[in-house]
**Student:** 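Just passing along the structure, written as C-alpha cells.
Counting begins at 1 with the first residue of the sequence.
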Amino acid sequence: MASTTVAVDLDKSAPSSGKTFLGHPRGLATLFMSEMWERFSYYGMRALLVLYMTASVAEGGLGMKVAVASAVYSVYTAMVYLLALPGGWIADRFLGARKTVAVGGSIIMIGHFLLAVPASVSFFAGLALIAIGSGLLKANISTMVGHLYDGPNDPRRDGGFTIFYMGINLGAFAAPLVIGTVGQSVDWHLGFALAGVGMALGLGQFLLGTRHLSAKSDVVTSPISAEEKSAIFRKAGLWLALAVVFYGIVALTGHFTIDWAVWPLSIAGIAIPVVVFAKVKKDKDLNSDEQSKMSGYIWFFVAAAVFWMIYDQSGSTLNVFADKNTASSMFGLDFPSSWFQSLNPLYIMALAPLFAWLWVWLAKRAKNPTTTMKFAIGLLMIGASFLVMMMAMAASAGGVKVTPLWLAMVYLIQTIGELTLSPVGLSVTTKLAPTKYASQMMGVWFLAVTAGDCVAAIFQLVLGDNVVGSTWYFAVQGVMALIAGVALAMYRKKVVKLMGDVH
C-alpha cells in the first residue's frame, strides 16, 4: 500500500538552506533516497514472505499451510501499522523524529539480516524486529519531509510530498523485480539478505545526509518527565515479564504453536481501535459538533478496514495464486511469480497524476463525488477485484495455469480503488479530527489497516487450508465489500449530516 505511507504534518518551521534538490530543500533528497531504499527492503521481503513460508522444507522453505502462512503475513502487516502509534509517541516524547528514524532503520536492517539466517527462530525474530523498526520509521520520516518547509502554506510543500511519494513507489516497484528474482531463483535467504542490504543503503543515506535536515526534526515536542518515564518503564517491564513467563510456560510444556502468537495479536489488533474510539467518544472535552464528526468518521474507518482486509492480501493469497495457478511467462518472457508484486506501484505511478487531475476537473464542473461516495466507490472496486479473482480461480481448476492478465486486471482494479479511497481517507481524517486529538488521528487512520488485516488473519485461521484461496473464499469477501460499498452509498446523507461543515 505504497501510497498511504505519507502522513500529514502541520508543523511550521523554517526550510533548509543551501543547495536545492529539484527546487526543493536539499534534505528532501536524503529523505527521498532513505525512504526509497526502506521501501525496497520492505516490499522485496514482502514479495518473498508467504512464498517462503509455504515452500516445502525440501525447497528450502518452512512448509507451512497456506492459511497459516497467510494469517502470519496478515498479522505481520497489521503490526507494522499498529506500531506506528507508539513510534510517533516515542519521537514526540523521547528521541525526536531524526533519532527515532535512525533507530528504526537500524532495527529494520537487523531484522532483515535475521531473516537471512536459515532457522525458524531467527525468521520470526526478524519479522518482529522489522515490524518494530517500521513502526518507528513510518511514523516519523514523512513528518520530517514537512519539517523542511515553511509551514503548510509553503508553495513547494505539496510538490515535495509528491516527490517523496514517488520515491516510495520506485522502491516498491523495483524490489520484487530484484529481491523476488534472487529469492525465488537463487536462494530464499540470499533474497532476504539483499533486502537487508537495501535497508543498510537507506540507513547510510540517512546518516550521511542528516546534516541537510531541518533542526525541527531534532526537537522532542513534548518531553517526558522523569516521573512519567519511571512509571512507564515499570508498567512496560511488568507486562513484558508477564508475557515472558506466560509464553515460557507454554513453550516449556510443549504446547506452543504459531497460533499462540497469531490469535492474541489478531484479537488485539481489532480490540485496540475499539478502545481508542470508545475513549474518544466518552471524552467530555469534545463538543457536540466534534462528537458528531467522530461518529461520521467511524463510518469511514470501518469502510477502510474492509478495504484493507482485501487489499493487503496481495502479498498473501494473491501471491500464492500467482505462484501456483498463474503462468510464469508472457510474450516469450519468463519471470518469477513475485514480479506481480510490482504491478501495484507501477499502476500507482501511472494513475496517481491522472486521478489528481480528475478530481480537480470534476470539482470545476461541480461534479466531484463526495468523500462518502469516493469511499463507496473504493469498496465497490475492491469487492469487484475479488469477484474477478473468483473467476480466475475457477479458470485454474484442474491444475490449469491461467494467463497473467487475470492478476494484471485484479491489481489494476484494486489500484483504482486505492486511489479513490486512500488519499481521500488521509484528507478526511485531518478534517474530522477533534482539536484535542489532531496530532493523534493519523495514527488512528493507520489502525484501520491493522483492524482489516487482523480480521483477514482470523478469517484465514478459522477457514483453514481447504477454503483459503478457493473460489468461495474470494467470492464471500468480494460480496462483503460490495455490500459495504452499497450500504455506505445508501446512507451517505446520514454520514454527510454527521460530518457537519466538512465536505
Side-chain angles (χ1 to χ4, degrees), residues 1-7 9 21 27-49 76-77 79-81 83-84 87-88 90-91 95 97-116 126-148 160-161 163-180 183 191-210 212-213 217 315 341-342 344-345 348-349 446 449:
M1 156 178 102
S3 68
T4 65
T5 58
V6 178
D9 171 73
F21 172 66
L28 182 62
T30 295
L31 298 176
F32 173 93
M33 294 298 294
S34 300
E35 181 70 352
M36 183 189 75
W37 283 115
E38 187 275 329
R39 291 290 87 184
F40 175 85
S41 71
Y42 176 80
Y43 281 97
M45 177 275 295
R46 199 186 82 157
L48 295 177
L49 194 56
Y76 162 72
T77 54
M79 292 305 104
V80 167
Y81 287 92
L83 292 172
I90 288 171
L95 299 175
R98 189 196 312 249
K99 290 181 181 178
T100 305
V101 167
V103 171
S106 301
I107 294 173
I108 293 170
M109 180 183 66
I110 294 170
H112 282 301
F113 285 127
L114 281 176
L115 295 185
L127 282 185
L129 288 180
I130 294 170
I132 292 169
S134 296
L136 294 171
L137 188 143
K138 178 181 288 292
N140 296 292
I141 193 165
S142 54
T143 299
M144 294 172 69
V145 175
H147 290 165
L148 298 172
F161 272 101
I163 294 171
F164 181 72
Y165 163 84
M166 292 302 292
I168 291 171
N169 286 287
L170 282 173
F173 170 72
L177 304 180
V178 179
I179 296 174
F192 291 134
L194 192 57
V197 171
M199 187 63 247
L201 290 172
L203 181 61
Q205 174 71 42
F206 182 80
L207 296 176
L208 288 173
T210 190
H212 301 302
L213 302 178
S217 299
Q341 298 297 300
S342 289
N344 171 251
I348 287 176
M349 288 187 287
F446 286 133
V449 184

**Student:** ring-ring contact (aromatic ring centres under 6.0 Å, His included) with F40: which residues, sequence neighbours excluded?
**Tutor:** W37
**Student:** Could you tell me the separation between the CG atom of L28 and the CE atom of M144, rounded to the nearest 0.5 Å?
**Tutor:** 11.5 Å
**Student:** Looking at N140 and T100, would you say the former's side chain and the latter's main chain have a donor-acceptor pair under 3.5 Å?
**Tutor:** no
**Student:** Just to verify, which of L83, V80, I108 counts as forming a side chain to side chain contact (heavy atoms under 4.5 Å, CB included) with I132?
**Tutor:** L83
**Student:** When you measure from the side chain of S134 to the backbone of A131, do you find a donor-acceptor pair of N or O atoms at a distance under 3.5 Å?
**Tutor:** no
**Student:** How far apart are the closest heavy atoms of I130 and L115, and which atoms are they?
**Tutor:** CD1-CD1, 3.7 Å
**Student:** Minimum heavy-atom separation for V197 to F113, with atom names?
**Tutor:** N-CZ, 3.7 Å
**Student:** Looking only at non-hydrogen atoms, find the nearest pair between A200 and M109 and report the distance.
**Tutor:** CB-SD, 3.5 Å
**Student:** Can you tell if the side chain of M45 reaches within under 4.5 Å of the side chain of F192, non-hydrogen atoms only?
**Tutor:** yes
**Student:** At their closest point, which heavy atom of G202 faces which heavy atom of S34, and how far apart are they?
**Tutor:** O-OG, 3.4 Å
**Student:** Regarding R39 and the six-membered ring of Y42, is the cationic atom NZ or CZ under 6.0 Å from the ring centre and inside 45° of its axis?
**Tutor:** yes
**Student:** Please enumerate all residues that pass side-chain hydrogen bond (donor to acceptor under 3.5 Å, both in side chains) together with S217, with sequence neighbours excluded.
**Tutor:** H147
**Student:** Among residues at least two apart in sequence or on other chains, which ones pass side-chain contact (heavy atoms from CB on, under 4.5 Å) with L207?
**Tutor:** A102, L203
**Student:** Could you tell me which residues satisfy side-chain hydrogen bond (donor to acceptor under 3.5 Å, both in side chains) with T210, sequence neighbours excluded, listed by chain and number?
**Tutor:** R98
**Student:** For L194, what residues pass the side-chain contact (heavy atoms from CB on, under 4.5 Å) criterion, not counting sequence neighbours?
**Tutor:** V178, I179, V182
**Student:** Who are the side-chain contact (heavy atoms from CB on, under 4.5 Å) partners of M349, not counting sequence neighbours?
**Tutor:** M166, N169, L170, F173
**Student:** Within the structure provided, determine whether L114 and L129 are in side-chain contact (heavy-atom separation under 4.5 Å).
**Tutor:** yes
**Student:** Can you confirm whether F32 sits close enough to V145 that some side-chain heavy atom of one is under 4.5 Å from a side-chain heavy atom of the other?
**Tutor:** no
**Student:** Taking side chain as C-beta onward, heavy atoms only, is L31 less than 4.5 Å from L213?
**Tutor:** yes
**Student:** Check ring-ring contact (aromatic ring centres under 6.0 Å, His included) between F206 and all other residues, then give those that pass, not counting sequence neighbours.
**Tutor:** none
**Student:** Heavy atoms only: give me the nearest Y43-A175 pair and the separation to one decimal.
**Tutor:** C-CB, 3.9 Å
**Student:** Mind checking the CD-CG spacing from Q341 to L49? Nearest 0.5 Å is all I need.
**Tutor:** 10.5 Å
**Student:** For a 4.5 angstrom cut-off between non-hydrogen side-chain atoms, does I348 reach N344?
**Tutor:** yes
**Student:** Counting C-beta onward and ignoring hydrogens, is there a side-chain heavy-atom pair between V103 and L137 closer than 4.5 Å?
**Tutor:** no
**Student:** What residues form a side-chain hydrogen bond (donor to acceptor under 3.5 Å, both in side chains) with T30, not counting sequence neighbours?
**Tutor:** none
**Student:** Please report the shortest heavy-atom distance between E35 and I168, naming the atom on each side.
**Tutor:** CG-CG1, 3.4 Å
